[in-house]
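Worksheet: one structure, shown below.
Chain naming here is simple, since letters A, B, ... match the order of the sequence lines and numbering starts at 1 in each.
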Protein chains: 2
Amino acid sequence: MTETVPRPTLEAVAARAGVSRATVSRVVNGSDGVREPLAERVRQAVDELGYVPNQAARSLVTKRHDAVAVIVAEPETRVFADPFFARQLRGISKELTAHDNQLVLLLTEDRDDHVRVGRYLAGGHVDGALVFSLHIDDPLPELIQRAGLPTVFGGRPDFNGGRGGVSYVDSDNRGGARDAVRHLLGLGRRRVAHITGALDQTSAVDRHDGYRDVMADADPRLVARGDFTPASGERAMRELLGRHPGLDAVFAANDLMAAGALRVLREHGRRVPEDVAVVGFDDMLPIAEQTEPPLTTVRQDIEEMGRLMARLLLRDLDHTGTPEETSGARPDGLILPTTLIRRSSA
Amino acid sequence: MTETVPRPTLEAVAARAGVSRATVSRVVNGSDGVREPLAERVRQAVDELGYVPNQAARSLVTKRHDAVAVIVAEPETRVFADPFFARQLRGISKELTAHDNQLVLLLTEDRDDHVRVGRYLAGGHVDGALVFSLHIDDPLPELIQRAGLPTVFGGRPDFNGGRGGVSYVDSDNRGGARDAVRHLLGLGRRRVAHITGALDQTSAVDRHDGYRDVMADADPRLVARGDFTPASGERAMRELLGRHPGLDAVFAANDLMAAGALRVLREHGRRVPEDVAVVGFDDMLPIAEQTEPPLTTVRQDIEEMGRLMARLLLRDLDHTGTPEETSGARPDGLILPTTLIRRSSA
DNA sequence: GTGAAAGCGCTAACAT
DNA sequence: ATGTTAGCGCTTTCAC
């Protein structure tokens, strides 16, 4: 391996510019109080030498790292079955980059990883954490919260986080579900069934609640339980058809299950949307566009969600913030609106 | 913001154990040469105080960071259209974690990002880089290589990297393509068409080459150009059907395009696989399983690819490596085998 | 406004 | 085998 040339230090820049290290530091960090002619000379020296501050040295004294951890708990590896995760990451990355923060990615698989993550967080390598926890019984969120790091959750967590509540960003799952069902009703459908997601995730619970908001006194047999997988969508659809052959619409808690339902309906000779209208959730491309017929569904702005998570966290970290805005009347949760995307299935 | 209690330092542990800082450092870093009774006392003090080494201080002197950057260039955002990226990341993460390295994720979008990434890499925050560059004309790879950091590429890069070549991990795109086409031939098909991927990516070029290896003297009109998107698959299929109505098989360079081709074939009343057999590439779930009929395709072990990339890089970084194995007869590229997955489309 | 100097927490020679 | 000491490169009082 080629031994890299030692990089220039503050000292070197100072020498070249004929000033003290302190002055260079001030210029580099944009603190005012250095007069223009001097500042310019320093900037030039920085350029000429290609000086880049040593982050380790800086952190050692400032105790800041300009880095945040993104923690993804994926016991079921479901996150990876869809492209959401990547989109969210992109949103986060953009926002972080814009504020010169680094993104440290922590993927957890099992229990061992939890202690590892806990230690890492406690180890003070990062200034804050962005956490995706999919399952309601996941101990990770509380564990992280306890590490005392500023944290923002992706998706509504199920615990209320002791004093002060937790901050999170989520899609309006409940409202989106209501829109979906109302759309079906607007189409003249009356026997609207629902295929739920895995009810150990708040998103599934919220979508189910949205369905019930609108279909308050529907036959409970119009609801079948799925787990977000295509296979579960097929299974649920069969179940539904069995116990309620007269149904004329289905709202599935995600597109994957809706696709499964579509297949089963076709198998049973039901035409979509003529006999049974179908609405999904997520607008997961390329699934939603590729089904037969293309899926009407509820879209969430997943990238924006990521961006907002980062923004919220950075605000917490902003040490320069005016006192009055720090810990002010800040909403704990930020809920992003969803949009109904009309295609041909409903 | 709760002011966190200052964490214990080496000094504190040393005091508590009644030894010098150096001794504690030795114990913490597992270097031998500390006798058992003493070492035990130190470990105990570490536990009691909950001591965690300050990484910034450590890096400052060791010049190591135990962190590697993962750089994903995604000008077309195509990476995010599929779940590959996440899988690969998981493979990388596992390997890195197992060796106590952190994963710093850098997503690049445009030119500005290039200089940012270049600066970051040059800034010496990480010990090495794992790079995904999708497009042949992408300047990023060379730029990174020039930063002088140990680097491993994901997917065969197109430039030969000056002295010594570059190390990378890739699937056996060419071999996989050959297998696909031979499978079609084995089914008795003779007029096997090919829908290429975006030919500014080496994976598409290699798959095309694989097709040509087997179909050396096929009618050139049996090849239509796509760009990996479903729409391009439809377009290419129409084109193919127009100029070569007698074709009896299609090998598409990925599953997304194969799915598009399937739709067009159905539109045209061709039965699959009876009239036209179709093979895809990637085994992208849930697409491949959900098409009508389910897709025969070439699977690559994408997670393993990530894992190997990380392993290769870590080996380069391993300062403790015996001299003889360092820069030994090491293959530049590591090619992973693919597997043909038989479903119903061929 | 600018410089001098102390010290962040750690590792690695070098002593002992 | 253990302790002492000198920095690593930077920010930040504190003088001037």
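Nearest nucleotide to the B:P53 side chain, out of C:dG9, C:dC10, D:dG3: C:dC10. Side-chain proximity of A:L38 to D:dG9, D:dG3, C:dT2: nearest is C:dT2. When distances run from any side-chain atom of A:V19 to the nucleotides D:dG3, C:dC10, C:dG3, the shortest one goes to C:dG3. Side chain of B:V61, nearest nucleotide from D:dC8, D:dT11, D:dT12: D:dC8.
The nearest whole Å value for the distance from the NE2 atom in A:H125 to the P atom in C:dG9 is 15 Å. Between A:R64 atom CZ and D:dC10 atom P there is a gap of 17 Å when expressed in whole angstrom units. Rounding to whole angstrom units, CG of residue A:D32 and P of C:dG1 are separated by 9 Å. Atom CZ of B:R41 and atom C1' of D:dA1 are 13 Å apart (whole Å). Taking atom CG of A:L10 as the reference point, atom P of D:dC10 lies 4 Å away to the nearest angstrom. We find that CG of A:D66 is positioned 15 Å from P of D:dC10, with the value rounded to whole Å. The nearest whole Å value for the distance from the CD atom in A:Q55 to the C1' atom in C:dC8 is 14 Å. One interatomic measurement links the two molecules: NE2 of A:H65 to P of C:dG9, which rounds to 11 Å at whole-angstrom precision.
Taking 4.0 angstrom as the limit, A:K63 places none of its side-chain polar atoms (N or O) nearer than this to OP1 or OP2 of D:dT11. Listed pair A:R58 / D:dT11 meets the phosphate criterion, a side-chain N or O lying under 4.0 Å from OP1 or OP2. Contact annotation: B:T9 does not reach the phosphate of C:dG9 (side-chain N/O to OP1 or OP2, under 4.0 Å). The side chain of A:S25 places no N or O atom within less than 4.0 Å of a non-bridging phosphate oxygen (OP1 or OP2) of D:dC10. Between B:T23 and D:dT2 there is no side-chain polar atom (N or O) within less than 4.0 angstrom of OP1 or OP2. When the side-chain nitrogen and oxygen atoms of B:N54 are compared with OP1 and OP2 of C:dC8, none of them lie within a distance under 4.0 Å.
For the atom pair B:I92 CD1 and B:L314 CG, the distance stands at 10.5 Å (nearest 0.5 Å).
At a threshold of 4.5 Å between non-hydrogen side-chain atoms, the residues A:L10 and A:S25 count as touching. Taking the side chain as every heavy atom from C-beta outward, B:L121 and B:I71 approach each other to under 4.5 Å. No side-chain heavy atom of A:I144 sits less than 4.5 Å from a side-chain heavy atom of A:L149.
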Practice item. For salt bridge (Lys or Arg N to Asp or Glu O under 4.0 Å), just list the numbers for A:E11 and A:R21, CA-CA rounded to whole Å, side-chain angles, deciding distance to a tenth of an Å, and then say yes or no. Key: CA-CA 6 Å; A:E11 184 82 50; A:R21 291 192 330 239; 3.3 Å; yes
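Judged by atom type and distance alone, B:R21 reaches the base of C:dT11 through a side-chain donor-acceptor pair under 3.5 Å. Taking 3.5 Å as the limit, the base of C:dG3 and the side chain of A:R26 contain a donor-acceptor pair of atoms between them.
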